[in-house]
There are 2 protein chains.
Amino acid sequence: MKKKTTIYDIAKKLNITAATVSRALNGNSKISEATRKLVEETAKEMNYEQNRLAQALKSGKSYNVGVIVPRIDSNFFASVIRGIEEELYPKGYHVIICQTHDQKSLETENINSLLNAQVDGVLMSISQAQNANDDNFDALIKKNVPLIFFDRKKDIKGISSVTIDDFKGAYEATKHLIDQGYKRIAHLSNDRSILIFKNRYLGYKQAILDSGLEFDESLVIETQSKVLEGRKIMKQLLELEHRPDAIFSSSDFTALGAIQEIKEHGLNIPEDISVVGFSNEPFTRFMELSITSVDQSPIEMGRLTAQVFLEEVNSDKRVTSEKQVVLTPELIVRKSSLRTPVKH
Amino acid sequence: MKKKTTIYDIAKKLNITAATVSRALNGNSKISEATRKLVEETAKEMNYEQNRLAQALKSGKSYNVGVIVPRIDSNFFASVIRGIEEELYPKGYHVIICQTHDQKSLETENINSLLNAQVDGVLMSISQAQNANDDNFDALIKKNVPLIFFDRKKDIKGISSVTIDDFKGAYEATKHLIDQGYKRIAHLSNDRSILIFKNRYLGYKQAILDSGLEFDESLVIETQSKVLEGRKIMKQLLELEHRPDAIFSSSDFTALGAIQEIKEHGLNIPEDISVVGFSNEPFTRFMELSITSVDQSPIEMGRLTAQVFLEEVNSDKRVTSEKQVVLTPELIVRKSSLRTPVKH
DNA sequence: ATGAAATTTACAATCGATTACATTATAACT
DNA sequence: AGTTATAATGTAATCGATTGTAAATTTCAT
């Protein structure tokens with residue numbers, strides 16, 4: 001590598017001190033207009049670029065933030081990340097993305113690895129908890145590294161978060177099914193120690209109770225957000241003596257699996273069984289049988305998460321006033337749940 | 001933040017020098033077993049963690065590498081990244097992921113931004129070129145920062161790359177269509193200044209020529225890898241006087257768009273028109289009408305790319321022997337192109 | 001013209017880890 | 001015992017940028 005020009009090189013060339021160069025470049029008010037201009041020009045001339053590592057060492061800030069998500073090949077997380085980048089890049093931050101693949105061990109590894117890389121903060125969506133302890137976050141909290149949850153959060157005192165109103169999203173999705181005349185609505189849930197899934201479950205339950213339908217706990221099945229899991233569960237449901245006539249899934253992926261299984265059994269959607277997903281993944285729109293889903297405005301979520309981080313990192317006070325931002329979800333009705341209007 | 005313990009703290013506690021601590025921790029052979037153990041123990045005791053920034057400054061290595069891709073919400077790129085991470089994490093590297101969204105300007109921005117962050121190398125899949133100049137890479141090359149292309153490459157002297165044999169993949173896909181009896185095969189191409197698209201085009205062309213079919217340049221359409229673009233183009237093709245009876249698309253996304261449009265026109269797949277995509281995105285398998293596609297073994301590609309990087313970065317010699325790794329693609333035949341065997 | 005105030009720039013320490021070189025302690029050998 | 005080889009540790013410079021404090025220079029008023 002060609003050796004980079006440093007402020008010392010500039011200083012030598014101009015017969016001044018590195019200190020002056022540094023101040024000139026940083027807009028320190030104690031520097032005369034004349035030298036500032038001179039310095040800036042020669043800096044450009046010599047292709048000077050600030051050595052971030054040196055600056056990081058001095059300031060204690062790396063201008064790197066870690067983003068931890070279960071996976072990046074879902075449109076939802078990819079979009080959140082995009083939102084985060086849009087907000088953080090202009091401020092000079094870089095984003096290090098880590099995937100947990102929903103494994104607690106990888107989550108731990110990622111956190112340590114990010115701490116080791118001296119990140120200025122961690123924005124994360126937690127993975128499914130194999131067990132209940134939160135040692136993972138302890139390391140972050142102990143070191144006082146700003147931690148912000150988005151979407152999949154845990155309630156931890158003092159930790160900010162940006163989420164959507166999952167209860168409301170689930171409630172409206174379920175209500176939509178009820179309004180369409182479906183009576184026996186199953187719910188494909190997920191690990192309910194993660195709040196979003198708990199809230200989706202609660203929203204579903206409340207909608208059923210509010211409508212006077214019978215709530216049947218046996219129609220709530222906990223599974224993972226994977227197509228094949230959806231198929232497996234749906235198969236079981238279809239074999240029930242009194243099978244459901246609608247599915248509200250907490251994930252688009254399981255919803256997709258369910259749809260495949262239903263078709264394979266020769267049933268029609270939405271005539272025989274209706275399906276609603278969650279997240280508004282692009283494929284829900286692109287399917288021939290487009291899937292009704294709940295949009296979570298992921299880019300907006302990413303932007304907000306980044307903003308909360310910036311606020312925290314820029315507040316010199318240790319006020320750590322925890323902030324809970326909650327977005328409103330939007331139900332997108334598509335073919336998979338829309339019964340053709342009854343013909344007279 | 002709690003102040004971290006440094007090697008000086010350890011040194012003070014043991015009444016030795018920071019230098020000794022450093023050497024002990026780094027396994028320098030000039031340190032006695034006794035003090036080494038002592039140092040290691042107290043380090044653990046005091047929760048010592050190496051300050052990467054300081055080390056980076058001293059060594060000139062940041063242990064960060066940049067990965068630039070058009071987007072991360074495609075399974076292909078997400079998987080390549082996963083492969084890269086699997087290879088690089090154990091070696092202590094971190095991966096900074098940047099998206100270009102196929103915009104040249106963002107590509108430029110990302111490269112500069114990564115250089116500014118002092119990355120030790122850049123692994124990238126180039127975005128569509130709005131124009132022909134390669135100034136983007138010049139900055140990297142000039143600074144002698146290891147650059148490695150994967151998948152979407154440009155031929156630049158001295159730059160290594162990891163790709164698949166796109167020609168072969170396209171050839172076999174097209175041959176498969178010909179073998180199925182299709183005679184008028186259109187090709188949805190993409191910016192052919194990017195080699196993968198050029199090679200897919202050439203493979204398609206060669207397969208047609210080899211089979212004795214007539215090659216019709218007007219059946220080759222250049223478009224972008226988006227569902228809606230696929231629809232648009234397909235609409236035009238269907239309006240042709242002598243419309244194609246098969247489509248070989250260089251992208252799964254345009255293939256999907258094409259399929260939607262074909263169905264909307266009341267035609268049957270694969271009876272009336274057959275469709276083959278490229279990349280083996282998960283949705284190609286999950287569709288009710290599963291889509292024939294070409295698998296690119298993305299995780300393997302990622303791992304190999306990372307390996308090539310490690311080789312380059314660890315070779316103190318400036319040998320810069322460029323390395324071209326080429327993987328073999330695999331055609332996955334599915335419903336969208338498989339004619340039911342003729343019944344007698 | 002002279003002292004005080006204001007402005008500008010230089011000096012030197014610092015962030016934490018690494019490392020060439022110097023120094024001390026220990027062992028070995030004649 | 002004396003000399004040398006060897007092992008173990010210390011000293012101090014270095015990476016590049018920042019910043020409190022000191023010093024130099026200029027400006028201004030009298």
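Proteins get letters first, then strands, A, B, ... in listed order; numbering begins at 1 in each. Values below: every heavy atom of this structure, side chains too, minus hydrogens, waters and symmetry copies.
Within the 4.0 Å cut-off from OP1 or OP2 of D:dG16, not a single side-chain nitrogen or oxygen of B:Gln118 is found. Between A:Gln55 and D:dT18 there is a side-chain polar atom (N or O) within less than 4.0 angstrom of OP1 or OP2. Taking only side-chain nitrogens and oxygens, B:Asn26 never comes nearer than 4.0 Å to OP1 or OP2 of C:dA17. One finds no side-chain N or O of B:Asn51 lying less than 4.0 angstrom from the OP1 or OP2 phosphate oxygen of C:dC15. An OP1 or OP2 oxygen of C:dT14 is reached within less than 4.0 angstrom by no side-chain nitrogen or oxygen of B:Tyr8. Within the structure, a side-chain polar atom (N or O) of A:Ser22 is placed less than 4.0 Å from OP1 or OP2 of D:dT18. Contact check, B:Thr17 against D:dT9: no side-chain N or O comes under 4.0 Å of OP1 or OP2.
The side chain of B:Leu57 lies closest to D:dC15 when the candidates are C:dA10, D:dC15, D:dT18. Nearest to the side chain of B:Thr20, among C:dT19, D:dT9, D:dA17, sits D:dT9. Which of C:dA10, D:dG10, C:dC15 sits closest to the side chain of A:Arg23 comes down to C:dA10. Here the side chain of A:Ala54 is nearest to one of D:dT18, D:dT19, D:dG16, namely D:dG16. Checking D:dT11, D:dT18, D:dA8 against the side-chain heavy atoms of B:Ser32 singles out D:dA8 as nearest. The side chain of A:Lys58 lies closest to C:dC15 when the candidates are C:dC15, D:dT19, D:dT9. Picking from C:dT8, D:dG10, D:dT19 the nucleotide with the shortest atom distance to the side chain of A:Ala19 gives D:dT19.
Proximity of a side-chain donor or acceptor of A:Ser22 to a complementary backbone N or O of A:Ala18 within less than 3.5 Å is not detected.
Rounding to whole angstrom units, CZ of residue B:Arg36 and P of D:dA7 are separated by 14 Å. We find that CG of A:Leu14 is positioned 10 Å from P of C:dA10, with the value rounded to whole Å. In this structure, B:Leu25 atom CG and D:dA8 atom C1' are separated by 17 Å, rounded to whole Å. Rounded to a whole Å, the CD1 atom of A:Ile10 is 14 Å from the P atom of C:dA10. The CG atom of A:Asp9 sits 13 Å away from the C1' atom of D:dC15 (whole-angstrom rounding). As a whole-Å value, the separation of B:Leu53 CG from C:dT14 C1' is 15 Å. Nucleotide D:dC15 holds its P atom 12 Å from the CD1 atom of A:Ile7, rounded to whole Å. Distance CD1 (A:Ile31) to P (D:dT26): 15 Å, rounded to an integer number of Å.
Residue A:Met301 forms a side-chain contact (heavy atoms from CB on, under 4.5 Å) with just one option from A:Ile84, A:Val325, A:Ile164, and that option is A:Ile164. Looking at B:Leu123, B:Ile96, B:Leu114, B:Leu147 one by one, the single match for side-chain contact (heavy atoms from CB on, under 4.5 Å) with B:Ile68 turns out to be B:Leu114. The only member of A:Asp151, A:Leu304, A:Thr163 that meets side-chain contact (heavy atoms from CB on, under 4.5 Å) when paired with A:Leu327 is A:Leu304.
Among the atoms of the strands shown, only primed sugar atoms or phosphate atoms (P, OP1, OP2) are found under 4.0 Å from some heavy atom of B:Asn15. At a threshold of 4.0 angstrom between heavy atoms, the contacts of A:Thr35 are confined to the sugar-phosphate backbone, with no base atom among them. Residue contacts for B:Ile16: at a heavy-atom cut-off of 4.0 Å it reaches the sugar-phosphate backbone alone, with no base atom in range. Nucleic acid contact class of B:Thr6 (heavy atoms, under 4.0 Å, all strands): sugar-phosphate only.
Taking the six-membered ring where tryptophan is involved, the planes of A:Tyr93 and A:Tyr63 are tilted, since the angle between them lies from 30° to 60°.
Remark: the A:Arg52 side chain and the D:dG16 base include no donor-acceptor N/O pair separated by less than 3.5 Å.
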Let me see the working for B:Asp9 and B:Lys4 under salt bridge (charged side-chain N to carboxylate O under 4.0 Å, His left out), right down to the final yes or no. CA-CA 9 Å; B:Asp9 301 326; B:Lys4 307 228 178 87; over 6 Å; no
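Taking the charged nitrogens against the carboxylate oxygens, B:Glu86 and B:Arg82 do have a contact shorter than 4.0 Å, which makes a salt bridge.
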